[in-house]
Amino acid sequence: MMNSIVDRLKEVRSSIESACLQSNRSSESVQLLAVSKTKPASDIRSLYHAGQQQFGENYLQEALTKQQQLLDLTDIVWHFIGPIQSNKTRDIASHFAWVHSIDRLKIARRLSQQRAQDAPPLNVLIQINIDDESTKAGIQPEQLVEFAGEMAQLPNLKLRGLMTLPAAEASAQQQQQSFATMQRLYSELASQYPTVDTLSMGMSNDLESAIKAGSTMVRIGTALFGARDQTRSNE
Ligand SMILES: *Cc1c(COP(=O)(O)O)cnc(C)c1O
C-alpha cells in the first residue's frame, strides 16, 4: 500500500493526458485540482511532495484547520469550491487564491471588499447551474452576460471563467449536451473578457468527456483520495 496515493496521482495524470491526446489538446491545457474535502492534511502533503500544487476544499472550517497544518508548504494554491454563506466571505477572501462557486453578486461584492489590498486579486469563477436543478447552486445560463458584467467591475476580483457541477443522474446524452452548452458559454465569455482562461468542469467520473468538451481544469476527489466517508458532520 505504500505510496498508493501517489500511484493514484500518476493514474489520474495519465487519464488526463490520454483524454487530451484523443481531443488533440496539449496536456498542459488541462490543470488538475485535487479535491481534498474530508481528507487529512497528511494526504495533501503526500500529493504535494509528488508535485501536486492546487487543492480544492468545500468546507471553510475544515479547510482552515488543514491550512494551519500545512503552513510550511508556502506555494500550495488553495481553491474554495463549496457553497458560500455571507458570514464566511472574510475568511474565504483571505485564505484562498481561487473561488469557483460564485453565484450571487452580494457574495462577489463582499469578497472583493474583504480581499486585502496588498494581495493579488482573488481569482473567481461563476458557477453555472447547467442542468437547472432546484437543489443546486449556480446561476442560469441566461443570467451570465449581465452577471459577468457586474463581476468584472469589482476591483479585487479577477474573473477567470466558469465552473459547473452537472446532474449526477444525467444520461450520457444529457451530460454531453450540458458540457457542450458550457463550452459555448465559456468561449463567448472568453471572447469578451481577456482575463477568462478557465473552464472548471469534470470530476472523477466524467473527466474524459469534460476534457473533450474543452475543460481546462478538472476537479478530482475520489480518484485521488479514495471514497469519502458519507457521514460528515456539518461545520
Ligand atoms: C467533491 C467535489 C468534487 C470531486 O468529486 P469526485 O467525484 O470525488 O472527484 C468536485 N467538485 C466539487 C464542487 C465537489 O464538491
Side-chain angles (χ1 to χ4, degrees), residues 4-16 18-19 30-41 43-44 46-47 52-64 66 77-85 88 92 96-104 107 111 122-139 160-170 172 175 178-179 182 186 198-235:
S4 64
I5 196 168
V6 173
D7 293 340
R8 289 196 293 262
L9 176 63
K10 287 189 186 133
E11 284 165 20
V12 169
R13 282 196 181 137
S14 85
S15 309
I16 292 172
S18 62
V30 179
Q31 302 203 50
L32 171 59
L33 180 66
V35 176
S36 43
K37 62 172 176 244
T38 80
K39 299 297 178 181
D43 283 356
I44 297 175
S46 302
L47 286 182
Q52 176 64 28
Q53 221 179 347
Q54 312 210 60
F55 292 87
E57 289 280 345
N58 295 59
Y59 310 106
L60 180 63
Q61 282 316 314
E62 180 194 326
L64 295 179
K66 284 185 252 181
V77 181
W78 293 104
H79 296 235
F80 193 81
I81 65 173
I84 306 172
Q85 294 159 282
K88 305 281 171 73
I92 291 172
F96 291 83
W98 288 72
V99 179
H100 290 223
S101 40
I102 297 193
D103 63 357
R104 282 188 291 160
I107 296 293
L111 289 170
L122 185 62
N123 298 297
V124 292
L125 303 178
I126 298 170
Q127 183 170 354
I128 305 283
N129 187 353
I130 196 62
D131 294 315
D132 193 17
E133 295 173 278
S134 58
T135 55
K136 212 161 258 176
I139 65 166
R160 298 293 294 268
L162 302 177
M163 181 273 242
T164 197
L165 194 65
E169 71 283 4
Q175 185 205 59
S178 299
F179 282 168
M182 286 300 300
Y186 171 68
T198 304
L199 176 54
S200 168
M201 181 167 88
M203 306 191 287
S204 295
N205 287 330
D206 57 10
L207 81 104
E208 282 89 2
S209 39
I211 288 172
K212 278 182 197 147
S215 168
T216 72
M217 189 179 284
V218 289
R219 307 181 308 268
I220 307 297
T222 309
L224 285 172
F225 295 96
R228 286 180 291 275
D229 181 0
Q230 293 300 313
T231 59
R232 80 172 285 286
S233 60
N234 277 326
E235 54 186 69

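Keep in mind that the numbers below use all heavy atoms, side chains included, and drop hydrogens, waters and symmetry copies. We count ligands from 1, going down the list as the structure has it; atoms in each ligand are counted the same way.
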Visitor: At what distance is the nearest protein heavy atom to atom 1 (C) of ligand 1, and which residue and atom is it?
Guide: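 Closest protein heavy atom to atom 1 (C) of ligand 1: Lys37 NZ, 1.3 Å.
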Visitor: Can you tell which part of Asn205 has a heavy atom less than 4.0 Å from ligand 1: side chain, backbone, both or neither?
Guide: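 It is neither part, as no heavy atom is under 4.0 Å.
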Visitor: Pairs of nitrogen or oxygen atoms closer than 3.5 Å, one from Asn58 and one from ligand 1: do any exist?
Guide: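 Checking ligand 1 against Asn58, an N or O pair does fall under 3.5 Å apart.
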Visitor: Examine distances only and state if a side-chain atom of Gln52 and a backbone atom of Leu32 form a donor-acceptor pair shorter than 3.5 Å.
Guide: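 Pair found, side chain donor or acceptor close to backbone of Leu32.
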Visitor: Look at atom 11 (N) of ligand 1 and say which protein heavy atom is nearest, naming residue and atom and giving the distance to 0.1 Å.
Guide: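 The protein heavy atom lying closest is Arg219 NE, 2.8 Å.
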Visitor: Can you say whether the rings of Trp98 and His79 are parallel (under 30°), tilted (30 to 60°) or perpendicular (over 60°)?
Guide: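 Taking His79 first and then Trp98, their aromatic rings lie parallel (interplane angle under 30°).
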Visitor: Apply side chain to side chain donor-acceptor pair (under 3.5 Å) to the pair Glu57 and Ser36, showing each step before the final yes or no.
Guide: CA-CA 6 Å; Glu57 289 280 345; Ser36 43; 2.7 Å; yes
Visitor: Check whether any N or O atom of Met203, backbone or side chain, sits under 3.5 Å from an N or O atom of ligand 1, and answer yes or no.
Guide: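 By distance alone, the answer is no.
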Visitor: At what distance is the nearest protein heavy atom to atom 8 (O) of ligand 1, and which residue and atom is it?
Guide: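 Atom 8 (O) of ligand 1 sits closest to the protein heavy atom Thr222 OG1, 2.6 Å.
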Visitor: Heavy-atom contacts with Ile81 under 4.0 Å: which atoms of ligand 1 show up? List them by number with element.
Guide: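 So the atoms of ligand 1 that pass are 11 (N), 12 (C), 13 (C), 14 (C).
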Visitor: Does the residue Arg228 have a heavy-atom contact with ligand 1, meaning some pair of atoms that are separated by less than 4.0 Å?
Guide: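 For ligand 1, residue contact (heavy atoms, under 4.0 Å) with Arg228 is present.
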Visitor: Which residue and atom name correspond to the protein heavy atom nearest atom 9 (O) of ligand 1, and how close is it?
Guide: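 Ranking protein heavy atoms by distance from atom 9 (O) of ligand 1, first comes Ser204 OG, 2.5 Å.
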Visitor: Backbone N or O of Met201 within a donor-acceptor pair of the Thr164 side chain at under 3.5 Å?
Guide: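 No, because the side chain of Thr164 does not come within donor-acceptor range (under 3.5 Å) of the backbone of Met201.
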Visitor: Any carboxylate oxygen within less than 4.0 angstrom of a Lys/Arg side-chain nitrogen, looking at Glu62 and Lys66?
Guide: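 A salt bridge links Glu62 with Lys66.
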Visitor: With distance as the sole test, does Arg104 use its side chain to make a donor-acceptor pair with the main-chain N or O of Ile84 at under 3.5 Å?
Guide: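 Side chain of Arg104 to backbone of Ile84: a pair is present.
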Visitor: Need the ligand 1 atom indices (1-based, order shown) with element for anything under 4.0 Å from a heavy-atom of Ile220.
Guide: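 Numbered from 1, ligand 1 contributes 9 (O).
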Visitor: With distance as the sole test, does Asn129 use its side chain to make a donor-acceptor pair with the main-chain N or O of Lys136 at under 3.5 Å?
Guide: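 Yes, Asn129 side chain to Lys136 backbone: donor-acceptor pair under 3.5 Å.
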